[in-house]
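The block underneath contains the structure these notes are about, expressed in structure tokens.
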Amino acid sequence: MTSNVRVRFAPSPTGKLHIGGARTAIYNWAFARANGGTFILRIDDTDPTRSTAENTQVILRAMRWLGLDWDEGPEVGGDFGPYAQTERLDLYREAAERLLAEGKAYPCFCTPEQLDADRKAAQERKDPFQGYQRRCRNIPADEARARMEAGEPYTLRIKVPEDRGDVVIDDAVHGKVVFDAKELDDFVIFRSDGTPTYNFATVVDDALMGITHVIRGDDHLSNTPRQVMVYEALGAPVPTFAHISMILGADGKKLSKRHGATSVEEYRDAGYLSDAFVNYLALLGWSLDGETTVIPRDVLAREFSLERISKNPATFDPKKLDWMNAEYINAMDDSTFVDTILLPQLEQAGCPAVRASHTDAWWNLLASIVRPRTKMPADAVSVSAPVFATAKTLAYDEKSVNKGLAKEGMGTVLDAARVALGTLPADEWNAAAIDAALEPLQDALAMKKRLVFQAIRVAECGNMVSPPLGETMQLIGRDDCLARIDRAREMAL
RNA sequence: GUCCCCAUCGUCUAGCGGUUAGGACAUCGCCCUUUCAAGGCGGCGACACGGGUUCGAGUCCCGUUGGGGGCACCA
């Protein structure tokens, strides 16, 4: 199903892809997908001093990691290219020349100093309008041409119609927003160095690319009437705008470095799942029904709608992101968890274990006890550490030993456990049988169950905290379990 | 200075004139339990303030306060 909906995400490659940008990208992508439309990626690199090719690559990589596939744009092409603004300079020039020829734009010869002085003067006389004073608006055409040809530096300014009246933006999330055109100045559309300004280039691109819905940050709302002036001068249809609120840090201020990680790649590197990250970000300012929180990307791509975007600025909550991440991890089936979390993490941690070193059943059992204890992928390594250690290499936590093992009577516990477990034949070495063998010890020794198991736990896992003992011991294997008890016996009293 | 936006639990939100103001995260308690998780159950917790409109306002209007953004030859 295709429709005429065309949306774009147009990041500036002046840095990495930020959380806010990522959410804007997600909304654009989801809106396109939900409406059978086209999602376009465009690189807005009109600021050559701050844009780099490297940043562009970082952004593309982040987009791919987020799973936001674009239908037109860098690397995939499309019928409306090129998709980088620096490659579209001729298009902007053409558009500007047309506007100039039609009298909808005019050259301005004011120097920055002149402009500055005007602004100061406006401030001093408390003029409510402090924008451009339109000094060059009425220079006769032939005089203007002569000065241009004489090589006098000039910028091109848009001519805001005198009688334009109210500019009404019918925003998809804010409703009608009204601006008085009198507050708009004749802003610069082309700099004296021959490059277009953002407000001009963006509109030319959006018009040429047939963008139907502009979904972008709130910070552009005040610029929108200016852009509408350009659409109107160009004679192009004005798209539907949807201005989404910004993402704030915990202190209510705009999210920035001092709030911690702000770029998508930092979250990827920290181990967050793409699906969970997208889900969390989508929920930051949008809701499906106010109840559902786990919304897989396919549901998002089907159900996303502009009407359910919230107007409030949202505070980024890392805790909820963590919860979401754990939620996605916990929802994995055993083998998926093994393949996408456990094995990669083990490899990264330098653990020699590979898929082939154990049976599928063994891995699945391990997954079933490790997964609910895994909030972040890296946790899988520490949680399963006792399983991958041996009686020789197992590290004993000093505190745990002191508290659970090196106490009066614990030697007796280990001796009894050693005997009970020793009677279990190798082919009956499973969690249920191990638990059953250990169960009678508390009565036989007249000790608290808690203490009995604590001693065995420390002996087997080196720590008072571990996954369930029976399963863990099954995974460790009979011989090594017995060897661990022998080794621990020396530490017990 | 001026223009614009925003305002429901600590956080994300549902609500689109009549609700015991719902859900999620966080937090606290209980249950489960050999530890830690996971899971289950429950508690705490919000309509910024002041005026209107209306039989009735979280919901509509105005103002105040508080946040945020724009007003560049940045994007």
Side-chain angles (χ1 to χ4, degrees), chain A residues 10-12 14 44-47 49-51 85 108 110 112 115-116 119 122-123 126-132 153-157 169 171 174 177-180 183-185 187-193 195-199 201-202 217-226 243 245-246 248 250 252-254 280 283-294 308 310-324 326 330 369-375 379 383 400 404 435 438-439 442 448-458 461 463-470:
Chain A
S12 295
T14 54
D44 278 10
D45 54 357
T46 41
D47 182 1
T49 57
R50 296 195 299 151
S51 300
Q85 291 191 323
C108 169
C110 295
L115 265 16
D116 228 45
R119 215 174 345 255
Q123 249 168 49
K126 299 220 160 92
D127 189 332
F129 179 80
Q130 297 189 7
Y132 176 63
Y154 66 94
T155 60
L156 245 37
R157 289 183 182 273
I169 317 275
D171 192 275
H174 292 281
V177 183
V178 182
F179 297 86
D180 188 340
E183 273 133 26
L184 270 27
D185 59 359
F187 62 95
V188 173
I189 59 172
F190 247 82
R191 303 184 188 101
S192 54
D193 66 359
T195 60
T197 59
Y198 167 79
N199 277 323
T202 301
D218 239 352
D219 46 338
H220 291 286
L221 185 53
S222 293
N223 276 325
T224 307
R226 282 169 236 287
H243 286 96
S245 63
M246 309 222 298
L248 275 22
K253 302 269 187 250
K254 191 173 172 176
Y280 175 72
L283 240 31
L284 215 53
W286 177 82
S287 66
L288 179 59
D289 52 18
E291 306 275 299
T292 318
T293 46
V294 177
R308 296 199 65 87
S310 160
K311 290 193 276 226
N312 323 13
T315 303
F316 185 79
D317 180 7
K319 285 241 180 70
K320 193 159 184 176
L321 206 213
D322 288 350
W323 168 81
M324 187 71 80
N330 221 336
I369 61 170
V370 172
R371 191 185 45 231
R373 293 167 177 79
T374 304
K375 251 178 122 61
D379 298 340
V383 173
S400 295
D435 284 339
L438 261 19
E439 197 64 29
Q442 49 184 312
K448 282 201 173 122
K449 189 177 194 180
R450 186 190 170 87
L451 290 178
V452 173
F453 280 86
Q454 194 172 61
I456 302 171
R457 185 182 309 284
V458 175
C461 301
N463 202 293
M464 294 208 313
V465 174
S466 84
L469 247 194

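Letters A, B, ... are given to chains in the order of the sequence lines, protein chains preceding strands, and every chain is numbered from 1. Note that the coordinates shown come from a computational prediction; the quantities given were computed from them, not determined experimentally.
- Counted within 6.0 Å of CZ on A:Arg308, heavy atoms from surrounding residues, nucleotides or ligands total more than 12; the atom is thus considered enclosed.
- A distance of about 15 Å separates the C1' atoms of B:rC49 and B:rG67, rounded to the whole Å.
- A:His243 comes within 4.0 angstrom of nothing in the nucleic acid, heavy atoms only.
- Using a 4.0 Å heavy-atom cutoff across all strands shown, A:Ser192 reaches at least one base atom of the nucleic acid.
- When the P atom is used for both B:rC16 and B:rG29, the distance is 36 Å, rounded to whole Å.
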Under 4.0 Å protein heavy-atom contact, by nucleotide of nucleotides 4-16 of chain B - B base, S sugar-phosphate only: SSSSS--SBSSS-
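- Comparing the same atom, P, in B:rC25 and in B:rG66 gives a spacing of 35 Å after rounding to whole Å.
- When rounded to the nearest whole Å, the span between CD1 of A:Ile189 and C1' of B:rA72 equals 15 Å.
- Each of A:Asn463, A:Val465, A:Leu469, A:Val452 was scored for a side-chain contact (heavy atoms from CB on, under 4.5 Å) with A:Arg457, with one residue passing: A:Leu469.
- When all heavy atoms are compared, the tightest approach of A:Ile369 to A:Pro467 is CD1-CB, 3.8 Å.
- As rounded to whole Å, 14 Å separates atom P of B:rG68 from atom CG of A:Asp219.
- Within 4.0 Å (heavy atoms only), A:Ser12 reaches sugar-phosphate atoms of the nucleic acid but no base atom.
- Annotation: B:rC31 and B:rA38 have their C1' atoms spaced 14 Å apart (nearest Å).
- Taking atom CH2 of A:Trp323 as the reference point, atom P of B:rA37 lies 18 Å away to the nearest angstrom.
- Between A:His243 and A:Asp171, the side chains place a donor N or O and an acceptor N or O closer than 3.5 Å (distance only, hydrogens not considered).
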Nucleic acid footprint by protein, nucleotides 28-36 of chain B - heavy-atom cut-off 4.0 Å, B for base, S for sugar-phosphate alone: ------BBB
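- Taking the C1' atoms as reference points, B:rG10 lies 8 Å from B:rA26, given to the whole Å.
- Within the nucleic acid shown, A:Thr46 comes within 4.0 Å of sugar-phosphate atoms alone, with no base atom in reach, counting heavy atoms only.
- Spacing of C1' atoms, B:rG45 relative to B:rC6, comes out at 23 Å, to the nearest Å.
- Regarding A:Tyr132, its OH atom lies at a distance of 24 Å from the P atom of B:rG70, rounded to whole Å.
- Note: CZ (A:Arg371) to P (B:rG39) measures 11 Å, nearest angstrom.
- Look at CG on A:Asp322: it is 16 Å from C1' on B:rU27, rounded to the nearest Å.
- To the nearest whole angstrom, the two P atoms, one in B:rG18 and one in B:rC12, are 25 Å apart.
- In this structure, CG of A:Asp185 is placed 12 Å from C1' of B:rG70, rounded to the nearest angstrom.
- Remark: A:Arg157 is not positioned above the aromatic ring of A:Phe187, lacking an NZ or CZ atom under 6.0 angstrom from the ring centre and at most 45 degrees off the axis.
- Heavy atoms of A:Met324 sit nowhere under 4.0 angstrom from any nucleic acid atom.
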